[in-house]
2 protein chains.
Amino acid sequence: MRSIHDPRYHLITAALKEIREKKGLTQDELAANLGKKQSYVSKAEGNERRLDLLELSEWLIGLGITLKDFLQNIGWLSEELSVAVPIKGQASQQGKDVVQKMLLQGKSYDVVLKNVALDKYLEVEEFISNKFLALNEPKNKQKNREAIFEAIEFAVKKLPKLNPSDIYVHLVYRAYIRDYKRTRAEQSWVRAGGEAMEIFVEKHYSKLLAAEGITIKALLSGAEKAKALKEMGLEGVVGDSKLDIALYGTHKGKQVIFGGIHSKASLAERVSDDVPCSVAMMGLGLQSILLTFDAKSYPPPQGNLVTIGEFGTTDNPSDKRHYIESHGSFDVCFSYNLHTYPSKLPTKSGKQIYVSDFGPDDPLPQFIIDGWKAFKAKL
Amino acid sequence: MRSIHDPRYHLITAALKEIREKKGLTQDELAANLGKKQSYVSKAEGNERRLDLLELSEWLIGLGITLKDFLQNIGWLSEELSVAVPIKGQASQQGKDVVQKMLLQGKSYDVVLKNVALDKYLEVEEFISNKFLALNEPKNKQKNREAIFEAIEFAVKKLPKLNPSDIYVHLVYRAYIRDYKRTRAEQSWVRAGGEAMEIFVEKHYSKLLAAEGITIKALLSGAEKAKALKEMGLEGVVGDSKLDIALYGTHKGKQVIFGGIHSKASLAERVSDDVPCSVAMMGLGLQSILLTFDAKSYPPPQGNLVTIGEFGTTDNPSDKRHYIESHGSFDVCFSYNLHTYPSKLPTKSGKQIYVSDFGPDDPLPQFIIDGWKAFKAKL
DNA sequence: TCGACCGGTCG
DNA sequence: GCGACCGGTCG
């Protein structure tokens, strides 16, 4: 069989045509880029003329995309991505859920996103993908953390019933890994994803808390962190303390710091980073909140990509659960992962894990408001 | 110009021929794999017949290599490795030093390895590369951490004057990134590299310390860690404590734990993980040592790949220096990075940073021996 | 098993 | 300039 009649070859030419059209190029314009006549483009796209490797390579240069991206686009390099990423446009509705197709080392895995309508999902998928692809543009001026924040915000708004941890991991993180190309996507995610979470928390709660005279402020710079810690009287007290988000109340016309939020996408051993600061805060009567997406899923072959989190169950608790329930190293923990098991009361330390989403029943704002009231009463 | 006459195309066919010959396949055998006649192979290799992408893809399957490996082989995908890796066999002697050629996103960067002879360097490069390539074999039975340990041990033995931090980062880590393919090399490194360091510390010092009746033991499993912490009386005392290496002395025929080593390849914010445990140990009169490769180098374009470390200078100290010199969160810190600035005495806390290599002047063993003597005197 | 390992990033 | 962000790994 001549490969010009092979359906797999047609996939290649179809992809070339699709890319050309997406870039808004006519056959004439592409031909000009390639130094050829329009008929060359027309014949090749119409499978009347076979492209060899060098011609393909030049064609891709004319289209302004790399060979690697093209091969990934047609799925020939899929084996190199060994972090699971969603395949765009391949999700399907299954009852009240959406099944997301994930690609990992050439194999496809299903991830179920509960309580999601396909059209909304696809809208979010498109929005997020465009945000992250835009970061690749040389002329891009947006900060990575801003783009990720906007992705989270959009998804939370459009898919209010979906597990926030799934939004963070499967919709946002995995799309970032798939679409962000400027630097090493995973390390870039580390840098930008965590801060995006802090920004989201600030923006999401600021309006509601402002109504109670409370200001919530993400501490993005070292200077901001240091200032907040100094205001709490924790300057240099516990080594170099760490705090992600500061909480201020208004008292006699002044902003008074009364607590803070430690924010972690996932906990790992890193939760212990925050313990000394948290314990010191609590010792001073300041509110210390641990907020997490509890975003841990195990990829195949060990796991199944479900965001099971790291707290274990109440009967079979993990070390991290002990930080809250036994040691009481934080005043409270809010997990935005619906798979997390909330604390069974009473706990040994009196501190507990709440499980929440960002909807109207989210208990976090009231917890902060109560904290401020208690703090103010002692001023 | 017909691309069949393009010299770039000849590079492709030449590479195909070379791979076939390296695999010990005849034209006949390859043709059989492809379901074609020998003349098809002959004509394609001889540039009498043009291969398109599909044919190439099938050809590569017939050769048993992946498209990705092939494209990397001919240099078409070289831009994808965006962690700097050494180019094998490209190092050169420059006075008493070796200049290592590093590849990062298609550009070459020089890294100077001081006090190294080229022949020794090449011997180490070869040894390490073979170790890591062997990990890719499906029949491989060696643990990753063991292979990395052996790489460090061999390099330290062969290149005793070379900065240990450079050994860890430039000889071992970067070779691992280049050669390890089974899973995601960087994440695998995280898992295995840190434990390899602990094993190395145990093995390197065990003989010397055994002569003084001291046992040094890497705590590789959670059970071992928990046992050691319990022996120290730190079970559950400071949340869930962390310790990497335990130190035992012999007293009245019994093994008595008298301290431990916190081991970190690089510090980042993670040094604070170990602070609560260290402080608790010191509070009980147990010796708490921080041992690090201080392995931080900034890749281009920001940095120049030199392992500058994270302690800053004594005049312009970083936060991490304060953990030792100001807060005294550890009894002592040993940095195996010759770029680290040792403490200027006296320090605020009385605790100090030593800079060392693994040679005969390494002060660590004596520090441990003195620690044991002081501990024993109080028993 | 489910824990803790670490470094490129980018602000 | 230099800090802290996090998740695949594999034992």
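A note on names: the letters A, B, ... follow the listed sequences, proteins ahead of strands, and every chain is numbered from 1. Please read all numbers here as calculations on a predicted model, not as lab measurements.
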Looking only at D/dC10, C/dG7, C/dA4, the nucleotide nearest the A/A268 side chain is C/dA4

inquiry  = If the cut-off is 4.0 Å, is A/W189 near the phosphate of D/dC5, judged by side-chain N/O to OP1 or OP2?
reply    = no

When rounded to whole Å, the CG to P distance for the pair B/L220 and C/dA4 reads 14 Å

Distance col, row A/D319:CG vs A/L267:CG, nearest 0.5 angstrom, shows 11.5 Å

By ring pair (Phe, Tyr, Trp, His ring centres under 6.0 Å), A/Y180 pairs with (sequence neighbours left out) A/Y176

The residue, B/G312 or B/R270, whose nearest nucleotide of DNA chain D is more 5′ is B/G312

The complete set of salt bridge (Lys or Arg N to Asp or Glu O under 4.0 Å) pairs with one or both residues in residues 290-314 of chain B, sequence neighbours excluded, reads B/E310-B/K320

Practice item. Examine D/dC10: is either OP1 or OP2 under 4.0 Å from a nitrogen or oxygen in the side chain of B/T183? Give yes or no. Key: yes

Below 3.5 Å, does any donor atom in the side chain of A/R191 face an acceptor in the base of D/dC5, or the other way round? no

What residues 193-203 of chain A contributes to the DNA chain C interface at heavy-atom separation below 4.0 Å is none

message: At 4.0 Å (heavy atoms only), tell me whether A/Y180 reaches a base, stays on the sugar-phosphate, or touches nothing.
response: sugar-phosphate

Side chain to side chain contact (heavy atoms under 4.5 Å, CB included) filter on A/E231, not counting sequence neighbours, yields A/K227, A/A228, A/Y248, A/I257

Q. Side-chain donor or acceptor of A/R184 under 3.5 Å from a matching atom on the base of C/dG7?
A. no

Of D/dG11, C/dG3, C/dG8, the nucleotide closest to the side chain of B/R145 is D/dG11

Can A/Y298 be said to stack with the base of D/dT9, given centres closer than 5.5 angstrom and planes under 30 degrees apart? no

Report task. Please state whether the phosphate of C/dG8, meaning OP1 or OP2, lies under 4.0 angstrom from any side-chain nitrogen or oxygen of B/Y173. Result -> yes

Tested for side chain to side chain contact (heavy atoms under 4.5 Å, CB included) against B/S188, the lone hit among B/L135, B/I148, B/N144, B/I177 is B/N144

Rounded to whole Å, NE2 of B/H170 lies from C1' of C/dG7 at a distance of 13 Å

Ring pair (Phe, Tyr, Trp, His ring centres under 6.0 Å) filter on B/Y336, not counting sequence neighbours, yields B/F358

Between A/I216 and A/E202 the two heavy atoms that sit nearest each other are O-CG, 3.3 Å

Once you apply a heavy-atom cut-off of 4.0 Å, does B/S297 come out as touching a base, just sugar-phosphate, or nothing?
sugar-phosphate

Looking only at D/dG11, C/dG7, D/dG3, the nucleotide nearest the B/K320 side chain is D/dG3

- Message: Taking atom types as they are modelled, would you say the side chain of A/E269 forms a donor-acceptor pair with the base of C/dC6 within the 3.5 Å cutoff?
- Response: yes

Residues A/H322 and A/P317: closest non-hydrogen pair is CE1-CG, 3.7 Å

In whole angstroms, the gap separating C1' of C/dG7 from CZ of B/F293 amounts to 15 Å

Item to complete: Under 4.0 Å between any heavy atoms, over every strand shown, what does A/Y168 touch: base, sugar-phosphate, or nothing? Just pick one.
Response: sugar-phosphate

Separation of D/dC5 atom C1' from A/I245 atom CD1, nearest Å, is 13 Å

Rounded to whole Å, the CD1-C1' distance (B/I148 to D/dC10) equals 11 Å

In this structure, CG of A/L305 is separated from OG of A/S297 (nearest 0.5 Å) by 5.5 Å

On the nucleotide D/dC5, are OP1 or OP2 found under 4.0 Å from the side-chain N or O atoms that A/N144 carries? no

Open item on the list: For a quick test of reading the model: is some side-chain N or O of B/K143 closer than 4.0 Å to OP1 or OP2 of D/dC10?
Closed with: no

When rounded to whole Å, the CD1 to P distance for the pair A/I177 and C/dT9 reads 12 Å

When rounded to whole Å, the CG to P distance for the pair B/D244 and C/dG3 reads 17 Å

5'-most contact on DNA chain C (nearest-nucleotide basis), A/S188 vs A/G303, goes to A/G303

Winner on side-chain proximity to A/S266, out of C/dC10, D/dG7, D/dC10, is D/dG7

Residue set satisfying ring pair (Phe, Tyr, Trp, His ring centres under 6.0 Å) with B/F293, at least two apart, ordered chain then number -> B/Y168

*Taking atom types as they are modelled, is there a donor-acceptor pair under 3.5 Å from the base of D/dG7 to the side chain of B/Q187?*
yes

Exercise for review: Mark yes or no for a side-chain to base donor-acceptor pair under 3.5 Å between B/K296 and C/dG8, with no hydrogen or angle criteria applied.
Suggested key: yes

Between B/P299 and B/D273, the residue closer to the 5' end of DNA chain C by nearest nucleotide is B/D273

B/D294 CG to D/dC2 C1', in whole Å, measures 13 Å

Residue pair A/D274/B/E186 against DNA chain D: nearer the 5' end by closest nucleotide is A/D274

Out of D/dT9, C/dT9, D/dG3, minimum distance to the side chain of B/Q302 belongs to C/dT9

Quick note, A/S318 side chain, CB onward, closest among D/dC10, C/dC6, C/dG3 is C/dG3

